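Have a look at the structure below before the remarks.
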Amino acid sequence: MGKIIIEAKDLVKTYQNGKNRLIVLDNINIQIREKSIISIVGESGAGKSTLLNVLSSLDAFDNGELNIEGNNIKNFSDKQLCSIRNSSIGFIFQFHHLLPDFNVRENILMPTWINKDYEKNKKADELLKDFGLKKISHKYPNEISGGEKQRVAILRSIINDPKVLFADEPSGNLDEKNSLKLIDLFESINTNFGTAIVLTTHNPHIANMGSYKYELKSKTLFER
Ligand SMILES: Nc1ncnc2c1ncn2[C@@H]1O[C@H](COP(=O)(O)OP(=O)(O)O)[C@@H](O)[C@H]1O
Ligand SMILES: [Mg+2]
């Protein structure tokens, strides 16, 4: 088994809902290991997005412990959190959020502009070539298909070599053919770069890709 990159222990997450406190995650325990693929299914409203946001340190939690690369992030400053997120974690959301005024290649490179890491230009070109998107590299988001946009968003999420890639319902608005392409893409990222992938999905094919499969139900994670 691979090394643990992210580990949640008895994680509790609540939301304040008017006068009431809504418990969304109740004592979640999960380990995200190097090179694994974790799929999480669950009904709408079960807390899948919340879980991904908490595990990826985008969102705060109420109780329990979250370790990222051996660091208990409880006492991390915002700056430290940003830095560990930048170096270890990638995200893909259901809606790809490509920037309309930048072309495909620029969108992929965007995360590298923060660190002025111009070495990545070469990597972007390799990714575009390897994943068959070279011919659209100078097109703008409104000139490409939904499936292409999603693949561009995925390449953007891995340009900084994250150790873990979180994908929240990545197949949400894709048809069957593009969902299958998405599986291929995730599998080759996982095999070629060793990136661990944690995804939520309603699509049984995508859920089956997981080396670890979970269902989020009654605020708890069950192994499937
Ligand atoms: N920011 C928020 N404030 C209050 N309640 C929220 C917030 N975000 C999500 N919720 C509630 O938390 C529960 C889980 O939501 P979510 O994580 O989006 O579920 P899923 O992704 O499985 O559909 C839902 O009941 C939702 O209404
Ligand atoms: Mg959701």
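When reading the values below, keep in mind they use all heavy atoms of this one structure, side chains included, and skip hydrogens, waters and symmetry mates. Heads up: numbering here begins at 1 and tracks the sequence. Note that ligands are numbered from 1 as they come in the structure, with each ligand's atoms numbered from 1 the same way. From a predicted model like this one, the values you see are computed outputs, not experimental measurements.
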Query - Separation between CD1 of Ile28 and CG of Leu221, rounded to the nearest 0.5 Å - result: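 Going from CD1 on Ile28 over to CG on Leu221, the span is 4.0 Å.
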
Requested in this report: To the nearest 0.5 angstrom, please state how far the CG atom of Asn121 sits from the CD atom of Glu126.
Outcome: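 One finds 11.5 Å between CG of Asn121 and CD of Glu126.
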
Query - Within reach of ligand 1, part of Val24 (heavy-atom separation under 4.0 Å) - result: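 Side chain only.
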
Query raised in the report: Taking N or O atoms only and a 3.5 Å limit, does Gln16 qualify as a polar contact for ligand 1?
Result: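 By distance alone, the answer is no.
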
Query raised in the report: Can you check whether Leu22 has an N/O within less than 3.5 Å of an N/O in ligand 1?
Result: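 No; every N/O pair is 3.5 Å or more apart.
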
Requested in this report: Identify whether the distance between the nearest side-chain nitrogen and carboxylate oxygen of Glu34 and Lys163 falls below 4.0 Å.
Outcome: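 No, no charged N to carboxylate O under 4.0 Å.
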
**Report entry** Check ion pair Lys134-Asp125 (N to O, under 4.0 angstrom)
**Finding:**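 No.
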
Query raised in the report: Under 4.0 Å from any heavy atom of Glu43, which atoms of ligand 1 are there?
Result: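 Within the 4.0 Å cut-off of Glu43, ligand 1 contributes 22 (O).
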
Query - Atom indices of ligand 1, in the order listed, that fall short of 4.0 Å to a heavy atom of Ser44 - result: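 Near Ser44, meaning under 4.0 Å from one of its heavy atoms, ligand 1 has 23 (O).
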
Query raised in the report: Quick one: does Ala46 get a heavy atom under 4.0 Å from ligand 1?
Result: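 Within the 4.0 Å threshold, so yes.
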
Query raised in the report: Phe166, Leu25: one ILVMFWY side-chain cluster at the under-4.5 Å cut-off?
Result: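 Same hydrophobic cluster.
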
Query raised in the report: Is Lys123 close enough and on-axis enough to Tyr118, meaning under 6.0 Å and within 45°, for cation-pi?
Result: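 No, Lys123 does not sit over the ring of Tyr118.
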
Requested in this report: Can you figure out which of Gly47, Ser49, Gly45 has its heavy atom closest to atom 24 (C) of ligand 1?
Outcome: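 Residue with the shortest heavy-atom distance to the ligand atom: Gly45.
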
Requested in this report: Might you work through the side-chain contact (heavy atoms from CB on, under 4.5 Å) test for Val41 and Lys213, ending with a clear yes or no?
Outcome: CA-CA 8 Å; Val41 298; Lys213 297 174 209 166; over 6 Å; no

Query raised in the report: How about atom 27 (O) of ligand 1: does it have a protein heavy atom within less than 4.0 Å?
Result: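 Answer no: nothing from the protein, no heavy atom, is under 4.0 Å.
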
Query raised in the report: Does atom 13 (C) of ligand 1 have a protein heavy-atom neighbour under 4.0 Å away?
Result: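 Under the 4.0 Å cut-off, atom 13 (C) of ligand 1 does have protein heavy-atom neighbours.
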
Report task. Apply the test salt bridge (Lys or Arg N to Asp or Glu O under 4.0 Å) to residues Asp161 and Lys120: give CA-CA distance (whole Å), side-chain angles for both, the deciding distance (0.1 Å), then the verdict. Result -> CA-CA 10 Å; Asp161 304 308; Lys120 296 282 185 188; 2.9 Å; yes

Query raised in the report: What residue and heavy atom of the protein are closest to atom 9 (C) of ligand 1, and at what distance?
Result: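 Here the closest protein heavy atom is Tyr15 CE1, 3.4 Å.
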
Query raised in the report: Got the closest protein heavy atom to atom 15 (O) of ligand 1, with its distance?
Result: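 Ranking protein heavy atoms by distance from atom 15 (O) of ligand 1, first comes Thr50 OG1, 3.9 Å.
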
Query - Check: Arg105 main-chain N/O paired with Asn103 side-chain donor or acceptor under 3.5 Å - result: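 Yes, because the side chain of Asn103 sits within donor-acceptor range (under 3.5 Å) of the backbone of Arg105.
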
Report task. May I ask you to determine how many protein N/O/S atoms are under 2.8 Å from the Mg ion (ligand 2)? Result ->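 That number is 1, waters not included.
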
**Report entry** Side-chain touch Leu58/Arg85, heavy atoms, less than 4.5 angstrom
**Finding:**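 Answer yes - side chains close enough.
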
N/O donor to acceptor pairs below 3.5 angstrom from side-chain atoms of residues 17-24, sequence neighbours left out:
from, atom 1, to, atom 2, distance (Å)
Arg21, NE, Gln16, OE1, 3.0
Arg21, NH1, Thr14, OG1, 2.4
Arg21, NH2, Gln16, OE1, 2.9

